[in-house]
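Step one of this worksheet: look at the structure below.
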Amino acid sequence: MSTVTGAVIGVGATSLSDRSRWRREQSERRTAVKRELYAAYLAAVARTWSEIRAVVLDGTEPWPERAHRAGEAYRNGRVYELRYQISITAPADIVALSDQVMRGIRDLVEELAAGETFSDWADLRSANLGWFDAFDILRGRMRLDLAAA
């Protein structure tokens, strides 16, 4: 009887330990996926914004061509597609902020296509403060999400 009891306790402890290790590994994998996705999204936003800013402020082409190049930067920047990945991976507050950032960049591109021009950094910056602020908050929320995991 004591042998059977010892075996049951041993198997139960091993099973519990395996389950605990499996949960920890799953959590670590989810955190790693989020970390990679968050970093990719933030890099895509920064790269896209940098390209759009350069086209708008430093470009020598006429405005319709600048607007076209800004649109290309947005389409090629991966912000849109990465935002969809965030929408199925991240908490709701991060999804909402990533959407606000993506829409802010898209709205800027649409304004440029409609003929809006910006003469200097201050003018361009003030027109984009809404999504700049959302981007700052988004980075902080992403850090908190990763730290909580």
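Count residues from 1 along the sequence.
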Practice task
Output yes when a side-chain donor or acceptor of Ser126 lies under 3.5 Å from a complementary backbone atom of Asp123, and no otherwise.
Solution key: yes
Handout entry: Expected output: side-chain Tyr41 to main-chain Ser98 donor-acceptor under 3.5 Å
Key = yes
Exercise for the section: Take atom CZ of Arg125 as the centre, draw a 6.0 Å sphere, and report whether it contains more than 12 heavy atoms from other residues, nucleotides or ligands. Expected result: no
Practice task
Indicate the atoms forming the closest heavy-atom contact of Arg35 with Leu146, along with that distance.
Solution key: N-CD2, 3.7 Å
Problem - Closest approach of His68 to Arg75 (non-hydrogen atoms, all atoms of both residues) - result: O-NH2, 4.2 Å
Only pairs under 3.5 Å count here: list side-chain donor-acceptor contacts from residues 104-117, not counting sequence neighbours, and write none if there are none.
none

When rounded to the nearest 0.5 angstrom, what distance separates [atom1] in [X] from [atom2] in [Y]?
X      : Y     : atom1 : atom2 : answer
Arg103 : Arg83 : CZ    : CZ    : 6.5 Å
Ile137 : Ile94 : CD1   : CD1   : 12.0 Å
Lys34  : Thr89 : NZ    : OG1   : 8.0 Å
Phe118 : Trp63 : CZ    : CH2   : 7.0 Å

Among the clusters formed by ILVMFWY side chains lying less than 4.5 Å apart, do [X] and [Y] turn up in the same one?
X      : Y      : result
Met142 : Leu144 : no
Leu138 : Val33  : no
Leu129 : Trp131 : yes

Which atom pairs, one a donor and one an acceptor, fall under 3.5 Å between side chains of residues 43-60 and the rest of the protein, sequence neighbours left out?
| unit_1 | atom_1 | unit_2 | atom_2 | d |
| --- | --- | --- | --- | --- |
| Thr48 | OG1 | Ala44 | O | 2.7 |

Practice task
Could you tell me whether Arg78 and Glu81 have a side-chain N and a carboxylate O separated by less than 4.0 Å?
Solution key: yes
